[in-house]
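Worksheet: the structure to be examined is printed underneath.
Within every chain, numbering begins at 1; the chains are lettered A, B, ... in the order of the sequence lines, protein sequences first and strands thereafter. For the numbers below, each heavy atom of this structure counts, side chains included, while hydrogens, waters and symmetry mates do not.
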Amino acid sequence: MPALAAAAEPAAAADLLAPVIANDWVNDEYKHLVLEAGAPACLAGAGQFFHLLCPATGADQPFFRRPMSTYRADPEAGRVEFLYKVTGRGTRGLATLRPGDRLRMLGPLGVGFSLDAAWRNIVVLGRGVGLATLAPLAAMAARQGVGVTAILSARSLAHVMSVSAFNEMGARTIVVTDTDGSSAPCRVETLLRGLIAAGRADAFFTCGSNRLLELMQRLGAEHGIPGQVALEQQMACGLGMCFCCVRPFREGGREVHKRVCWDGPVFPIEEAMGW
Amino acid sequence: MVDLAVCVGGLALANPVMPASGTFAEGLEQVVRLERLGAFVTKTITSELRAGNPTPRVAETAGGMLNSIGIPSKGVPAFLEHTLPFWRRWKVPLVVSISAPTAQGFAELAAALDLPGVAAIEANISCPNIEADGHAFAMDPAATLDVVRRLRDATRLPLWAKLTPNTGAIAAIARAAEEGGADAVVVANTVLGMAVDTETFRPRLGNVMGGLSGPAIKPIVLRMVHQCHKAVSIPVIGCGGIATPEDAVEYMLAGASAVQVGTATFLQPTAMTDIIDGLDAWCRRRGIACIADLTGAMRGDDDVLLAGAAS
Ligand SMILES: Cc1cc2nc3c(=O)[nH]c(=O)nc-3n(C[C@H](O)[C@H](O)[C@H](O)COP(=O)(O)OP(=O)(O)OC[C@H]3O[C@@H](n4cnc5c(N)ncnc54)[C@H](O)[C@@H]3O)c2cc1C
Ligand SMILES: Cc1cc2nc3c(=O)[nH]c(=O)nc-3n(C[C@H](O)[C@H](O)[C@H](O)COP(=O)(O)O)c2cc1C
Ligand code: FES
């Protein structure tokens with residue numbers, strides 16, 4: 001794997017109370033949260049995350065903060081956006097936020113995606129929530145003149161998010177779904193092999209699915225294609241202090257534990273171990 | 001001008017607020033001015049290389065959290081190469097937390113850490129995860145006396161013994177630590193607990209049992225701090241569920257000379273400096289010139305009242 005170009009100097013983190021601008025449903029499961037947030041929050045890099053103090057509501061009393069990937073960070077507008085799936089008490093609390101409310105958030109945190117200067121075309125493959133994490137990567141690639149093919153996988157057409165976001169960033173977007181069977185790993189493999197043959201796959205990026213990770217690892221190893229994966233793990237501190245967010249990784253033939261919040265959440269794809 | 005300085009177990013601290021072991025590391029530098037803290041306390045280190053426990057390692061509970069992190073440790077060489085040089089950059093006293101499976105191991109590790117930049121040793125003789133069934137030295141006065149004595153013989157550094165709340169004999173154990181030569185006791189570590197997922201029927205921690213921390217344990221540990229303060233003449237450092245300046249004041253009134261803040265930092269990374277600012281403001285409001293005067297200043301705490309409360 002070629003040496004990675006040094007990622008931009010990561011912005012220092014800060015804990016701030018950010019006013020809510022919008023918090024709207026995008027489909028029956030996901031909401032899009034837009035916050036007013038100056039530097040360093042709005043300087044978040046692709047793949048970095050924030051640790052959100054979700055509001056307590058009635059029966060839902062989340063104790064920990066909740067990690068959430070940056071969906072978009074806009075330094076000009078002074079905004080940070082999240083795309084989140086309403087799943088448990090923390091995200092249910094987030095869903096109650098209304099314009100004018102304020103959300104306490106710590107970030108940007110962690111190590112994000114980086115692009116090697118030698119890569120002309122990359123393939124981004126995501127599923128579900130993973131698409132939120134990968135969207136700013138497509139934007140970063142577009143800014144650097146790198147061609148992006150984005151394969152967006154979801155249960156059904158109604159659940160594919162961010163197609164327009166990826167399109168706007170100039171990505172070539174391919175949607176695959178469970179409904180028509182196009183999301184099956186063997187069919188995605190055919191797509192990826194086509195992209196490799198067409199010279200459109202200098203690097204692989206993925207998030208959100210174990211099977212898709214394993215697929216990219218296998219094809220990457222076969223063709224010598226480097227890559228990165230964004231991983232999730234339950235977090236308490238988000239700052240590398242508590243060691244609750246560890247996952248196993250392969251490093252130099254050994255299995256080592258790394259902290260997702262501190263050493264990641266983005267890792268070299270070949271180090272990751274499936275779950 | 002409020003005097004926030006305290007003197008604790010052989011160390012002079014600029015203020016009584018420091019982190020609890022295992023809840024503090026380099027990452028906090030991103031959001032907190034670390035030079036404002038009274039002391040630094042490291043994650044417990046061991047001589048042995050340890051991987052720590054399986055995930056999930058934490059679970060939320062009402063007003064608190066369970067953890068079964070264990071003590072992942074990269075050993076002493078890694079500590080000397082990375083951790084110690086990092087913390088030496090500040091003038092704040094560095095307290096190194098240590099653990100070992102045997103009293104001899106404790107003594108050897110303490111001896112190896114008598115180094116420039118190490119201001120005190122906190123012997124974690126209480127970590128409930130380290131030995132089978134949650135047993136620990138600090139569950140037994142005789143074992144406590146033995147391990148603290150050996151530590152005392154092994155190091156000239158100020159020696160703090162961190163006790164476990166998982167005992168019915170906290171005062172006797174604090175006395176054993178004092179008799180063994182400890183300069184202070186830290187009261188306390190986490191309360192052993194567990195939680196079960198009612199959907200999957202599985203324990204919510206990979207290790208089944210773990211330590212409860214956060215506001216949920218505050219009244220229990222506060223009571224223990226008070227009992228220890230009455231039982232020994234060495235300082236007591238209070239630790240358990242402290243999240244606000246009032247929590248810290250409460251601990252000091254009950255007998256603590258200083259406090260450690262753990263879980264609160266996970267929810268609010270600036271918790272420790274917020275507490276320091278709040279203590280200063282509280283003392284001004286109450287016209288208290290010297291915060292050390294708060295230690296044990298609770299009124300009406302005679303033994304009769306204590307006996308009455310227990311019945
Ligand atoms: C770095 C990172 C980035 C993420 N980005 C996004 C995103 O952009 N959009 C999105 O919808 N989700 C994202 N997630 C997942 C999101 O954090 C969880 O969905 C959320 O924590 C669930 O909280 P809850 O209270 O609603 O659910 P509950 O199930 O009630 O949560 C219980 C506990 O488990 C933890 N937990 C549950 N699911 C996850 C998970 N998948 N990952 C980590 N912890 C979990 C919670 O934080 C909490 O501590 C991300 C996770 C990580 C680690
Ligand atoms: C994630 C986590 C890790 C901990 N690790 C250690 C440790 O390594 N050594 C130790 O002595 N105590 C450890 N503790 C216990 C804390 O130092 C403290 O005694 C306890 O959490 C109670 O304080 P709190 O309620 O303020 O968190 C840990 C606690 C937590 C939550
Ligand atoms: S969440 Fe605490 S170390 Fe990662």
query: Under 30°, 30 to 60°, or over 60°: which ring-plane class applies to B:Phe24 and B:Trp87, parallel, tilted or perpendicular?
result: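 Judged by the thresholds at 30° and 60°, the geometry between B:Phe24 and B:Trp87 is parallel.
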Check this for me: does any side-chain nitrogen of one of [X] and [Y] sit under 4.0 Å from a carboxylate oxygen of the other?
| X | Y | answer |
| --- | --- | --- |
| B:Glu81 | B:Lys74 | no |
| A:Asp15 | A:Arg65 | yes |
| B:Glu48 | B:Arg50 | no |
| A:Arg92 | A:Asp60 | yes |
| B:Glu60 | B:Arg204 | no |

Which bit of [X] is near chain A, if near means a heavy-atom gap under 4.5 Å: side chain, backbone, both or neither?
| X | result |
| --- | --- |
| B:Pro215 | side chain |
| B:Thr23 | backbone |
| B:Ala59 | backbone |
| B:Glu29 | neither |

Checklist line | Interface residue of largest heavy-atom contact number with chain B, from A:Leu53, A:Leu109, A:Val246, under 4.5 Å | finding: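 Among A:Leu53, A:Leu109, A:Val246, the one with the most close pairs to chain B is A:Val246.
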(Q) Between A:Cys237, A:Ala14, A:Pro62, who has the most heavy-atom pairs with chain B when the cutoff is under 4.5 Å? (A)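 With the most close heavy-atom pairs to chain B, the winner is A:Cys237.
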Could you tell me which portion of [X] (side chain, backbone, both or neither) has an atom closer than 4.5 angstrom to a non-hydrogen atom of chain B?
| X | answer |
| --- | --- |
| A:Arg66 | side chain |
| A:Arg247 | neither |
| A:Val256 | neither |

Can you confirm whether the side chains of B:Ser97 and B:Asn124 place a donor and an acceptor under 3.5 Å from each other?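 On atom types as modelled, these side chains do not qualify, holding no pair under 3.5 Å.
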Point to revise | Choice from B:Gly63, B:Pro56, B:Gly214 maximising heavy atom contacts with chain A below 4.5 Å | key: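 The residue among B:Gly63, B:Pro56, B:Gly214 with the greatest pair count is B:Gly63.
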